[in-house]
Amino acid sequence: MSVTFAQGFKAAGVVAGISTHEGKRDLAIVVNEGPLDAAAGVFTPNRFCAAPVQWSRIAIQDGHLKGVVVNSGGANACTGQAGYEQSSQTAHELARMAHCEDTDIAVASTGLIGELLPLDHVLHGVHDAYEAMEEDAEAGDNAAHAIMTTDTKPKTVEIQGSGYRVGGMVKGSGMIAPQLATMICILTTDAVVTPEQAHDAVCQGTQTSFNRIDVDGCMSTNDTVILMASGASGVTPDIEEFKDSVAQACASLAHQIVGDGEGSSHDVDMTVIGASDEQAALACARAVASSNLMKCAIAGNDPNWGRVVSSIGTVPESIAPYDPNQVTVDINGVRVCDGGKPGQDRSLVDMTPRHVDIVINLHAGESQGTIWTDDLTHEYVRINSDYES
């Protein structure tokens, strides 16, 4: 049911004529019908952040939102003041219909950078979506389809808590790197939580999920994660359980992004253990996960552990202290590198399954961390050399 799994939310996804793909659903709305309207969000750190990010950062500052508009078919990024005014007018259109302040509405956009949106189509789409919105599973599914770009399938989640629910949808397939990843994620809950509790939950959930995936090492201008709470269940949750529920939702959606990486043929868990601290583990895991050489080797079913250790070696000792002569690398359970030198014959590694498990032991401490990534194939090049929103 996506964003409509939690009580108190209505959604819709409509064909607004924004996308270049005729007949594609390309505009979604999610409206919180209360009784509460707590909200929190995190956004891309990219300095060229898009107009909708600029608008939504301001809108969510007071910890309250009534709804959100998400369009595919255009990022509205690097469009100057005219682009910001488009985001403002989009928010105003939904606010007018929902009888709330403009700053009670967040806006998110995804698609090609550097072009203004066809605003008339956007505004008509908001109107049509508001007229069509429902609280059922079909409405949530339509919304999830409407935010897709190069995604091959909608990505949704449903988490049942102790008397409350968390639902969500995300889009993301390429231009994915740590520090959010290129995605737009809308989470909903009917739990009774404060804006501060929602903020803590979405920050913690993002840190251990969307900030730990890497498809191609490219950071977007439009990354957005928004959590809205309606309080419609009437249940005030144990806050630690609530944070865990949100984190579970984020992790599920993050894994779905990696599993739908543009043209990918393998999903990879890049785990570093035996690190001096978590920062060291994640730095080493990210260094390997972001290596195009490593990704291409995996695409070719080649367990090339040399590309693993060479990437680890780029991490400064001040960040990740370890002795290269102690490092081991296991690929799908086979120790191909033992103590910084060849281990078992890499021909023993079965690379045919979609899932690849790489475990790097630094033998320098007790901490660990995992980055989720995938490979790079010829299809990735084809998709991104002929991209249309």
Side-chain angles (χ1 to χ4, degrees), residues 172-179 181-182 210-219 254-255 257-275 279-317 319-320 322 324 326-364 368-384:
S173 187
M175 197 183 272
I176 304 292
Q179 293 186 310
T182 302
F210 300 123
N211 278 353
R212 296 192 183 182
I213 60 177
D214 187 314
V215 169
D216 49 21
C218 298
M219 184 195 298
H255 278 92
I257 289 174
V258 170
D260 193 32
E262 291 174 338
S264 66
S265 60
H266 292 86
D267 303 333
V268 186
D269 285 5
M270 197 72 67
T271 301
V272 173
I273 65 175
Q279 179 188 15
L282 291 173
C284 289
R286 283 181 172 137
V288 184
S290 62
S291 167
N292 287 341
L293 283 174
M294 186 67 239
K295 291 173 182 289
C296 290
I298 293 172
N301 290 334
D302 178 9
N304 192 330
W305 62 269
R307 294 180 179 178
V308 175
V309 296
S310 63
S311 297
I312 301 168
T314 66
V315 180
E317 187 173 3
I319 294 175
Y322 64 84
Q326 298 296 317
V327 172
T328 62
V329 178
D330 292 16
I331 301 181
N332 283 351
V334 178
R335 181 148 299 175
V336 289
C337 174
D338 192 357
K341 60 184 184 301
Q344 294 176 273
D345 192 316
R346 68 186 191 184
S347 66
L348 298 174
V349 181
D350 181 6
M351 295 287 288
T352 56
R354 181 168 181 102
H355 181 77
V356 176
D357 191 35
I358 298 178
V359 180
I360 303 153
N361 193 335
L362 300 180
H363 291 281
Q368 66 181 54
T370 300
I371 297 294
W372 301 297
T373 188
D374 49 24
D375 57 3
L376 289 179
T377 67
H378 295 292
E379 183 65 8
Y380 177 87
V381 177
R382 185 197 66 77
I383 290 170
N384 285 283

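Everything numeric here is computed off the predicted structure, so don't read it as measured data. Positions are given from 1 along the sequence.
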Inset, instruction - First locate atom CD1 of Ile331, then atom CG of Asn304, and finally report the distance between them rounded to the nearest 0.5 Å. - result: 8.0 Å
Legend entry - Thr271 side chain to Asp269 side chain, donor-acceptor N/O pair below 3.5 angstrom: no
Legend entry - Closest non-hydrogen atom pair between Cys284 and Ala320, with its separation: SG-CB, 3.7 Å
Legend entry - Pairwise side-chain contact, Ile371 with Arg212, heavy-atom cut-off 4.5 Å (strictly under): yes
Legend entry - Value rounded to 0.5 Å, distance of NE2 in His266 from CG in Asn301: 4.0 Å
Inset, instruction - Flag the pair Arg335 and Asp330 as a salt bridge only when some basic side-chain nitrogen lies within less than 4.0 angstrom of an acidic carboxylate oxygen. - result: yes
Legend entry - Derivation of the side-chain contact (heavy atoms from CB on, under 4.5 Å) call for Gln344 and Asp338: CA-CA 8 Å; Gln344 294 176 273; Asp338 192 357; over 6 Å; no
Legend entry - Backbone of Ala289 reached by a side-chain donor or acceptor of Lys295 within 3.5 Å: yes
Legend entry - N/O donor-acceptor pair under 3.5 Å between Ser291 side chain and Val288 backbone: no
Inset, instruction - Run the numbers on Val258 and Thr373 for side-chain contact (heavy atoms from CB on, under 4.5 Å), then give the verdict. - result: CA-CA 6 Å; Val258 170; Thr373 188; 5.7 Å; no
Legend entry - Backbone of Trp372 reached by a side-chain donor or acceptor of His255 within 3.5 Å: no
Legend entry - Exercise: identify the closest heavy-atom pair between Val334 and Leu348: CG2-O, 3.9 Å
Inset, instruction - Measure the spacing between CE of Met351 and CG of Asp375 and express it to the nearest 0.5 Å. - result: 8.5 Å
Legend entry - Heavy-atom closest contact (Ala281 atom, Gln368 atom, distance): CB-C, 3.5 Å
Legend entry - Side-chain H-bond candidate by donor/acceptor type, Asn332 with His355, under 3.5 Å: no
Inset, instruction - Please check if any side-chain donor atom of Thr328 sits under 3.5 Å from a side-chain acceptor atom of Asn361, or the reverse. - result: no
